[in-house]
Amino acid sequence: MFTGIITDIGTIRTREQRGDLRLVIGCAYAMDGVAIGASIACSGACLTVVEKGDDWFAVDLSAETVARTAPGLWAQGGRLNLERALKVGDELGGHIVTGHVDGIGQLVSAEAEGDSTRLVIRAPAELAAALAAKGSITVDGISLTVNSVEDRPDGSVDFGLNIIPHTAAATTLDRLEEGRAFNLEIDVLARYLDRMQALRNRSV
């Protein structure tokens, strides 16, 4: 489990396609305190440390993980939002995050709003019912509050976020390329409510 509070930005040093995709990720963590088999959220995807060095760790991504995460995210030289797994007694500064990506969002716009940046991200139709104003959303592993929701005729939804300067500086949201894709994880409570509603509708 995670909180969506980013504690480092890692860089993909190497990628190698074996049976799975092996990534070596440089970081600033004190790796002597990170065990082999530990979980680290990498831009919202919970991955397992399989090797490590003084300033790096390696992870293996299955074809399923690559297919369900943002296109281009795992390129060599890419930057990743990192968060180590939550420990009992840690401060819960964001919200409960599982590290399971529910869908891919697309950047619609990024505009200055005071000192902050107003983002609008388009989410697929299957996530629309789980997004609500003042609710929580995880974007590339970052716990954020939804400010606005606008449903679209095709069933997709545009949701707005306010990114304060600290959040931009501490995450990969300091760079917002046109058309950027994001890993999205809906609030865990919304996930279960959506499942319950689907089963209820099926039984009617």
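Side chains are part of it too, since the values below use all heavy atoms of this structure and drop only hydrogens, waters and symmetry mates.
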note = Residues at least two apart in sequence or cross-chain that pass side chain to side chain contact (heavy atoms under 4.5 Å, CB included) with D55, listed by chain then number, are R13

key: Cluster link L47 to V24, ILVMFWY, side chain under 4.5 Å   = no

message = Using the salt bridge (Lys or Arg N to Asp or Glu O under 4.0 Å) criterion, which residues pair with R79? Sequence neighbours excluded.
response = D174

query = Do the side chains of L23 and L61 get nearer than 4.5 Å, heavy atoms only?
reply = yes

query = Under the side-chain hydrogen bond (donor to acceptor under 3.5 Å, both in side chains) criterion, do Q76 and T14 qualify, and how do the steps go?
reply = CA-CA 6 Å; Q76 186 167 331; T14 64; over 6 Å; no

note = Applying salt bridge (Lys or Arg N to Asp or Glu O under 4.0 Å) to R175 and not counting sequence neighbours gives none

remark   = Distance col, row D187:CG vs L131:CG, nearest 0.5 angstrom, shows 10.0 Å

Close side-chain approach of L176 and L107, heavy atoms under 4.5 Å = yes

request  = Would you check, one step at a time, whether the test side chain to side chain contact (heavy atoms under 4.5 Å, CB included) holds for L80 with I9?
outcome  = CA-CA 6 Å; L80 303 171; I9 296 178; over 6 Å; no

query = Shortest non-hydrogen contact from A75 to I12?
reply = O-CD1, 3.4 Å

ask   = Is there a side-chain contact between V59 and I25, using heavy atoms and a 4.5 Å cut-off?
value = yes

message = Can you give me the closest heavy-atom contact between T145 and L161, atom names plus distance?
response = O-CD2, 3.4 Å

Nearest heavy atoms of I104 and A181, plus distance in Å = CG2-CB, 3.9 Å

remark   = Taken in chain and number order and not counting sequence neighbours, the residues that satisfy side chain to side chain contact (heavy atoms under 4.5 Å, CB included) with C46 are F2, S39

task = Report the distance from atom CZ of F182 to atom OG1 of T138, rounding to the nearest 0.5 Å.
result = 13.5 Å

ask   = Quick one: are L184 and V139 in side-chain contact, heavy atoms under 4.5 Å?
value = yes

query = When you look at CD of Q17, are more than 12 heavy atoms from neighbouring residues, nucleotides or ligands closer to it than 6.0 Å?
reply = yes

inquiry  = Can you pull out every side-chain hydrogen bond (donor to acceptor under 3.5 Å, both in side chains) where at least one residue sits in residues 152-163? Sequence neighbours excluded, please.
reply    = R122-D158, R152-S156, D154-S156

request  = Mind checking side chain to side chain contact (heavy atoms under 4.5 Å, CB included) for T48 and listing every partner two or more places apart, or none if nothing turns up?
outcome  = none

ask   = Does E83 reach the main-chain N or O of T3 with its side chain, forming a donor-acceptor pair under 3.5 Å?
value = yes

Salt bridge (Lys or Arg N to Asp or Glu O under 4.0 Å) partners for D20, two or more places apart = none

inquiry  = Is the shortest side-chain heavy-atom distance between I40 and V49 below 4.5 Å?
reply    = yes

What donor-acceptor contacts under 3.5 angstrom involve side-chain atoms of residues 63-74, with partners at least two apart or in another chain?
residue: E64; atom: OE2; partner: R68; partner atom: NE; Å: 2.3
residue: T65; atom: OG1; partner: S62; partner atom: OG; Å: 3.2
residue: T69; atom: OG1; partner: T65; partner atom: O; Å: 2.8
residue: T69; atom: OG1; partner: V66; partner atom: O; Å: 3.3
residue: T69; atom: OG1; partner: W74; partner atom: NE1; Å: 2.8

message = Is the shortest side-chain heavy-atom distance between I163 and S116 below 4.5 Å?
response = no

task = Can you run down the salt bridge (Lys or Arg N to Asp or Glu O under 4.0 Å) pairs that involve residues 133-142, sequence neighbours left out, and say none if there aren't any?
result = D140-R180

inquiry  = Can you give me the closest heavy-atom contact between R84 and G33, atom names plus distance?
reply    = NH2-O, 3.0 Å

key: Side-chain touch F57/V34, heavy atoms, less than 4.5 angstrom   = no

task = Could you tell me whether the side chain of S109 reaches within less than 4.5 Å of the side chain of E178, counting heavy atoms only?
result = no

task = Output every pair passing salt bridge (Lys or Arg N to Asp or Glu O under 4.0 Å) with a member in residues 22-34, not counting sequence neighbours, ordered by first then second residue.
result = R22-E51, R22-D60

query = Shortest non-hydrogen contact from C42 to L82?
reply = SG-CD2, 3.9 Å

ask   = Is a side-chain N or O of D8 found less than 3.5 angstrom from the main chain of C27, in a donor-acceptor match?
value = no

key: Contacts of type side chain to side chain contact (heavy atoms under 4.5 Å, CB included), residue I6, not counting sequence neighbours   = N81, I142, T171

ask   = Does any donor atom in the side chain of E111 or T117 lie under 3.5 Å from an acceptor atom in the other side chain?
value = no

query = Taking only residues two or more places apart in sequence or in another chain, which ones pass salt bridge (Lys or Arg N to Asp or Glu O under 4.0 Å) with E113?
reply = none

message = For the residue pair E185 / T98, report whether a side-chain donor-acceptor contact shorter than 3.5 Å exists.
response = yes

request  = For residues H95 and S143, report the shortest heavy-atom separation together with the two atoms involved.
outcome  = ND1-OG, 2.7 Å

